[in-house]
Amino acid sequence: MNQDLPKENSVFSFRTPHSAAQRIWHWCSSLAILALLCTVLIASTLLKPRNNIGVIQNKLQEKGVTVSADQAKSVAKALGEEVWEWHKYIGVALAILLLFRIILEFFEPTGQSLRARIRKGALYLRQASPNNKTAKHFLIVKYFYVFFYSLLFVIVLTGIGIIYADDFATLKANKENIKDIHSFCMYGVIGFIILHIGGLLLSELGNEPGISSDMIHGRKNS
């Protein structure tokens, strides 16, 4: 009999062990994604060139310096580009983190890889038991993570394409399309974050308290 299958009356839990490497990756990636979103927000709102042309002209006018709208636009654009430079560097860091996560998948302790968790959910789901609904939910959540990692992969790939677009004719010709895909996938990541946090809150306030703590402190196999 397969040892991964639960006993008939066992309780299926979302609280599963996480290796130290996986926990470090989780929080570093979370910070990187948050930083990327912040740079997008700042560059697209506060430092958007057309929103700051008048501000730059007025501030310089107060100092007795008069500049044209085109000159002010150049300054405003330069400020925005500084933020986009930070966006690029953080994006490279995220690419490294994603590569680390892919490699980590093959070296995780027994039962702690995403593949193992998906197999576990499938085994539980196939068993006729009162835990079927929970197992189905567990499996859906794990496939949702696969979708999330796929989004990250596309974001990283298109980000690299944008960085090197001017160096390759094919990328340069499709730069705007690459940007559109990059932005579209970022909306998907935002949606995932909202659902992820919402699911965590429901679990913490419901019958699975401690999931967040497990991702900080780890959890021993029971």
Side-chain angles (χ1 to χ4, degrees), residues 22 25-57 68-106 113-115 117-118 139-200:
Q22 190 177 126
W25 178 88
H26 175 275
W27 293 112
C28 287
S29 296
S30 298
L31 289 173
I33 292 171
L34 179 61
L36 285 171
L37 292 175
C38 286
T39 57
V40 171
L41 181 63
I42 292 170
S44 301
T45 55
L46 295 176
L47 293 180
K48 195 167 186 176
R50 68 182 183 188
N51 294 340
N52 290 295
I53 293 174
V55 175
I56 292 171
Q57 285 180 304
S68 66
D70 286 340
Q71 290 173 320
K73 184 178 180 180
S74 296
V75 175
K77 189 175 180 180
L79 291 173
E81 286 175 350
E82 285 296 317
V83 178
W84 286 119
E85 279 295 303
W86 277 103
H87 183 85
K88 181 177 73 175
Y89 297 143
I90 299 167
V92 171
L94 181 62
I96 295 171
L97 285 167
L98 181 59
L99 178 61
F100 173 78
R101 181 63 183 87
I102 292 171
I103 295 172
L104 180 64
E105 181 69 10
F106 298 96
S113 68
L114 182 59
R115 292 170 299 151
R117 296 183 199 278
I118 289 174
L139 194 57
I140 289 172
V141 169
K142 296 310 169 187
Y143 277 124
F144 200 46
Y145 284 136
V146 174
F147 174 70
F148 170 68
Y149 292 138
S150 299
L151 282 177
L152 283 187
F153 180 78
V154 175
I155 285 173
V156 165
L157 196 63
T158 52
I160 293 172
I162 293 169
I163 292 172
Y164 294 103
D166 293 334
D167 297 327
F168 299 92
T170 303
L171 291 177
K172 190 172 184 178
N174 293 282
K175 187 173 182 178
E176 292 305 316
N177 292 330
I178 295 172
K179 282 184 176 181
D180 289 340
I181 295 171
H182 188 76
S183 299
F184 180 78
C185 288
M186 187 60 78
Y187 285 118
V189 169
I190 293 172
F192 172 85
I193 292 171
I194 293 171
L195 291 175
H196 182 61
I197 294 175
L200 281 176

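No donor-acceptor pair under 3.5 Å is formed between the side chain of Asn51 and the backbone N or O of Leu46. Listed for the Gln57 side chain is no donor-acceptor partner under 3.5 Å among the backbone atoms of Ala72. When atom types are taken as modelled, the side chain of Arg117 and the backbone of Lys142 share no donor-acceptor pair closer than 3.5 angstrom. Checked by atom type and distance alone, the side chain of Gln71 pairs as donor or acceptor with a backbone atom of Ser68 at under 3.5 Å. Judged purely by atom type and a 3.5 angstrom limit, Ser44 has no side-chain atom pairing as donor or acceptor with the backbone of Leu41. In this structure a side-chain-to-backbone donor-acceptor pair under 3.5 Å is present from Thr158 to Ile155.
In Glu82, the CD atom is not crowded: 12 or fewer heavy atoms of neighbouring residues, nucleotides or ligands sit closer than 6.0 Å. Heavy atoms from other residues, nucleotides or ligands lying under 6.0 Å from CH2 of Trp86 number 12 at most.
Separation of atoms NE2 (His182) and CD1 (Ile160) is listed at 10.5 Å; rounding is to 0.5 Å. Between the CG atom of Leu31 and the CG atom of Leu94 there is a distance of 11.5 Å, given to the nearest 0.5 Å. To the nearest 0.5 Å, atoms CD1 (Ile96) and SG (Cys28) are separated by 11.5 Å. With rounding to the nearest 0.5 Å, the separation of CG in Leu37 from NE2 in His87 is 8.5 Å. Atom CG of Asp166 sits about 9.5 Å away from atom CG of Leu171, to the nearest 0.5 Å. Here the NZ-CD1 distance, from Lys88 to Ile90, works out to 12.0 Å after rounding to the nearest 0.5 Å.
Counting all heavy atoms, side chain and backbone alike, Val156 lies closest to Ala95 at CG1-CB, 3.4 Å. Closest heavy-atom contact between Ala69 and Ile53: O-CG2, 3.8 Å. Heavy-atom minimum distance, Leu79 versus Leu47: O-CD1, 3.9 Å. For Arg115 against Glu105, the heavy-atom pair with the smallest separation is N-OE2, 2.8 Å. For the pair His196 and Tyr145, the tightest heavy-atom approach, listed with the atom from each and the gap, is CE1-OH, 3.3 Å. In terms of heavy-atom proximity, Lys175 sits nearest to Ala165 at CD-CB, 3.8 Å.
Relative ring orientation between Phe144 and Phe192 is described as tilted, the plane-to-plane angle lying within the 30° to 60° band.
For the pair Val189 and Ile33, the minimum side-chain heavy-atom distance is below 4.5 Å. By the 4.5 Å heavy-atom criterion applied to side chains, Ile102 and Tyr149 are not counted as neighbours. Side-chain atoms of Val146 and Ile118, non-hydrogen and from C-beta on, do get closer than 4.5 Å to each other. At a threshold of 4.5 Å between non-hydrogen side-chain atoms, the residues Leu99 and Phe153 do not count as touching.
For the side-chain contact (heavy atoms from CB on, under 4.5 Å) with Leu152, the lone residue among Leu97, Leu98, Leu157 that qualifies is Leu98.
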